[in-house]
Engineer: 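Next up is a structure, given as structure tokens.
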Amino acid sequence: MNAATQTAAPPGRSGLFAHFGRDFTASIVVFLVAMPLCMGIAIASGVPAEKGLVTGIIGGVVVGLLAGSPLQVSGPAAGLAVIVFEFVREHGLEALGPVLLLAGVLQLVAGWLKLGGLFRAISPAVVHGMLAGIGALIVIGQFHILFDEKPLSSGLQNMAMMPARVLGLDLSNVAATELALMLGVVTIAVMIGWEKLRPKSMSLVPGALLGVLAATLIAWGFALDVSRIQVPASIGAAFALPGSAAWFAPLANPTLIVAALAIAFIASAETLLSAAAVDRMHDGVRTKYDKELSAQGVGNLLCGLFGALPMTGVIVRSSANVQAGARTRLSTVLHGVWILGFVAMLPWLLAEVPMAALGGVLVVTGWKLVSLKHVRHLFKAHGPLPAAIWAVTFVLVVTTDLLTGVLVGLALSVVEILPHIRDIRLKVAEHADDGHAEGPVRVALNGAATFIGLTRLNAVLERQSADRPVHLDLNGVTAMDHTTAETLSDWIGRRRQAGQRDLVTGPEAVLRPLPA
């Protein structure tokens with residue numbers, strides 16, 4: 001069966017072990033994808049590698065059981081690496097735990113208050129601009145890891161130092177710097193080469209794993225004097241709980257409370273957008289967004305208690321999960337078990353992995369986040385303003401900080417709806433077109449379709465039956481922003497992929513960015 005049309009097991013009718021064989025094999029694939037990423041993102045965040053592994057374990061075993069998106073995989077995400085790196089540099093690693101605990105509590109409360117739908121109304125231009133900026137910062141920062149050096153304190157400083165790193169190479173006198181660079185380049189080359197040349201029969205074997213394995217074998221075989229990751233002799237040491245009430249002291253600092261809000265906001269937005277993307281990959285159980293948000297809150301609360309990295313739902317591991325044939329949440333849970341078992345029994349093997357190899361993994365991962373196809377799509381489908389929002393968000397994330405870029409991007413997204421402020425209230429009505437229970441459902445929109453009314457619109461769209469056609473009547477829509485247009489495009493595309501041919505009518509200006 002094609003990965004895009006795989007069906008997750010319906011809840012209730014099938015138990016956790018109903019598709020054990022498919023879920024077991026999928027969990028192995030996700031584990032192999034997750035291991036190098038968990039460690040690499042920890043290094044990019046400026047914390048020990050085991051912190052990322054602990055987050056991966058909690059994301060699999062705990063959040064996997066509670067998640068509202070059964071096939072989504074949670075763990076440390078590149079999207080938060082930059083904000084954690086800056087936080088640890090300014091406030092120290094010991095302050096991260098209580099701040100992350102507060103972020104988890106905020107997510108948990110947001111889920112209980114059913115605020116999950118609000119995060120889906122965030123402008124795609126802001127989200128993709130933010131991710132592209134994060135990707136650029138990761139590439140710039142991990143460039144220095146390739147030379148066995150530590151990244152500097154800002155993106156601009158890292159960029160300014162890049163020429164000096166290159167000019168400082170002495171290929172006539174090969175030392176640790178040159179050896180580390182060689183291992184990083186080998187990792188990148190293997191990852192890119194495998195992606196382009198791998199046979200179909202081995203398409204599920206992750207390039208990141210092969211790249212790290214190749215670099216590790218070279219470093220071990222030739223006993224190269226390069227920096228390697230530091231791992232505890234026992235994984236139990238990485239799960240240490242707070243020792244006293246003084247652990248909560250950082251929460252008295254208003255600056256750190258703002259940091260907790262920022263982490264909760266960005267982690268929630270990235271998680272729920274990832275969940276929406278995972279829903280498009282299969283036609284099984286749809287995501288329950290509020291439940292997913294609460295599950296992420298529990299996960300981040302636990303990560304805070306154990307001093308680990310923040311987690312989100314992550315699209316790379318989630319897509320690997322779907323493509324590997326996962327049917328239930330068991331695959332996500334098992335991948336966390338495999339990480340725990342590997343770290344508990346083979347810590348000596350992890351200690352052989354060169355830092356430069358993980359830097360190479362993150363360079364490729366960050367480069368993929370800097371995807372210009374999103375801004376090209378925004379410009380072509382929705383005009384110059386959404387593309388400008390993307391560009392401004394991207395530039396500010398790279399040159400200032402992540403929170404500034406996101407807030408300015410969100411402010412600019414409001415500009416798009418200002419001309420339609422008088423007609424801002426969107427009315428959504430639904431009824432049977434022919435008056436019969438089995439006939440098509442007419443969903444009529446009236447007013448300006450903007451992100452302001454998107455939560456209500458999503459609620460109506462998602463309760464439509466997959467077995468009953470829908471007439472989406474947009475004749476009463478006076479204007480549509482790019483956030484709503486992207487949401488409708490995804491919904492129409494998903495319905496058509498499932499074989500439902502819905503009718504969409506409306507003015508040409510409104511229909512233009514939607515699927516024909």
Side-chain angles (χ1 to χ4, degrees), residues 41 44-45 74 76-87 103 106-107 110 116 118-142 154-156 158-159 258-277 293 296 300 309-316 318 362 365-379 382 385-416 451 454 481-483 486-487 490:
I41 291 167
S45 302
S74 298
L80 285 172
V82 173
I83 196 169
V84 172
F85 179 85
E86 293 177 354
F87 180 93
L106 292 172
Q107 287 183 296
L118 294 179
F119 288 93
R120 301 173 64 201
I122 298 172
S123 160
V126 174
V127 173
H128 291 303
M130 176 192 76
L131 292 176
I134 288 168
L137 288 173
I138 288 173
V139 171
I140 295 165
Q142 295 307 296
S154 73
L156 292 178
N158 279 322
M159 279 192 285
V258 172
L261 285 166
I263 290 173
F265 176 82
I266 293 168
S268 300
E270 189 170 345
T271 291
L272 298 184
L273 288 165
S274 173
L293 188 54
Q296 294 290 324
N300 276 319
L309 282 178
M311 73 168 60
T312 74
V314 277
I315 191 61
V316 173
S318 301
L362 267 295
T365 302
W367 181 256
K368 288 181 178 179
L369 287 176
V370 188
S371 175
L372 296 180
K373 70 178 182 180
H374 293 298
V375 70
R376 287 196 295 264
H377 165 74
L378 289 169
F379 182 81
H382 308 293
L385 182 55
I389 294 171
W390 184 98
V392 169
T393 304
F394 171 79
V395 171
L396 288 178
V397 167
V398 173
T399 58
T400 58
D401 59 76
L402 192 144
L403 190 58
T404 299
V406 170
L407 291 177
V408 172
L410 291 174
L412 288 176
S413 66
V414 176
V415 174
E416 190 177 9
F451 66 85
L454 197 53
D481 69 356
H482 77 279
T483 306
E486 289 289 286
T487 299
D490 290 343

Engineer: Go through the steps for L402 and E86 under the test side chain to side chain contact (heavy atoms under 4.5 Å, CB included), then give the verdict.
Structural biologist: CA-CA 10 Å; L402 192 144; E86 293 177 354; 5.7 Å; no
Engineer: With side chains defined as the heavy atoms from C-beta onward, is the minimum distance between L293 and F119 less than 4.5 Å?
Structural biologist: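 In short, these two side chains touch, coming nearer than 4.5 Å.
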Engineer: Under 3.5 Å, is there a donor on one side chain and an acceptor on the other for Q296 and S74?
Structural biologist: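 Indeed, the side chains of Q296 and S74 share at least one donor-acceptor pair under 3.5 Å.
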Engineer: For a quick test of reading the model, state the closest non-hydrogen atom pair linking M311 to A267 and the distance between them.
Structural biologist: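 Closest heavy-atom pair between M311 and A267: O-CB, 3.9 Å.
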Engineer: So, do K368 and V316 sit near enough that their side-chain heavy atoms are less than 4.5 Å apart?
Structural biologist: no
Engineer: In Å, rounded to the nearest 0.5 Å, how long is the span from CD1 of I83 to CG of L403?
Structural biologist: 6.5 Å
Engineer: Quick one: NE2 on H377 to CD on E486, what's the gap to the nearest 0.5 Å?
Structural biologist: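 Nearest 0.5 Å value for the NE2-CD distance: 3.5 Å.
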Engineer: V408 and T393: side chain to side chain contact (heavy atoms under 4.5 Å, CB included), yes or no, with the steps?
Structural biologist: CA-CA 7 Å; V408 172; T393 304; over 6 Å; no
Engineer: Roughly how far, to the nearest 0.5 Å, is CD1 of I315 from CG of L131?
Structural biologist: 11.0 Å
Engineer: Minimum heavy-atom separation for I134 and A78, please, with both atom names.
Structural biologist: CG2-O, 3.2 Å
Engineer: Under a 4.5 Å cut-off applied to non-hydrogen side-chain atoms, are V406 and F265 in contact?
Structural biologist: yes
Engineer: For residues 121-129, tabulate all N or O donor-acceptor pairs below 3.5 Å that involve a side-chain atom, not counting sequence neighbours.
Structural biologist:
from	atom 1	to	atom 2	distance (Å)
S123	OG	A125	N	3.1
S123	OG	V126	N	3.3
S123	OG	H482	NE2	2.8

Engineer: Give the minimum heavy-atom separation between L454 and R120, together with the two atoms involved.
Structural biologist: CD2-O, 3.8 Å
Engineer: I need the minimum non-hydrogen distance between L396 and G405, along with the two atoms involved.
Structural biologist: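 Here L396 and G405 meet closest at CB-CA, 3.7 Å.
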Engineer: Ignoring hydrogens, what is the shortest heavy-atom contact between G155 and L137? Give both atom names and the distance.
Structural biologist: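 Taking G155 first and L137 second, the nearest heavy atoms are CA-CD2, 3.6 Å.
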Engineer: Under a 4.5 Å cut-off applied to non-hydrogen side-chain atoms, are L412 and W390 in contact?
Structural biologist: no
Engineer: Could you check D481, I389, T483, L385 and say which one makes a side-chain contact (heavy atoms from CB on, under 4.5 Å) with S413?
Structural biologist: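 Exactly one option meets the side-chain contact (heavy atoms from CB on, under 4.5 Å) with S413, and it is I389.
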Engineer: Against F451, only a single residue in L118, T487, V414, L410 fulfils side-chain contact (heavy atoms from CB on, under 4.5 Å); can you say which?
Structural biologist: V414
Engineer: Which heavy atom of S318 sits nearest a heavy atom of S274, and at what distance?
Structural biologist: OG-OG, 4.3 Å
Engineer: Between T365 and I138, is the side chain to side chain contact (heavy atoms under 4.5 Å, CB included) condition met? List the steps.
Structural biologist: CA-CA 8 Å; T365 302; I138 288 173; 5.9 Å; no
Engineer: Quick check for you: to the nearest 0.5 Å, what is the distance between I41 atom CD1 and L80 atom CG?
Structural biologist: 9.5 Å
Engineer: OG1 of T271 to CD1 of I266: how many Å apart, nearest 0.5 Å?
Structural biologist: 11.5 Å
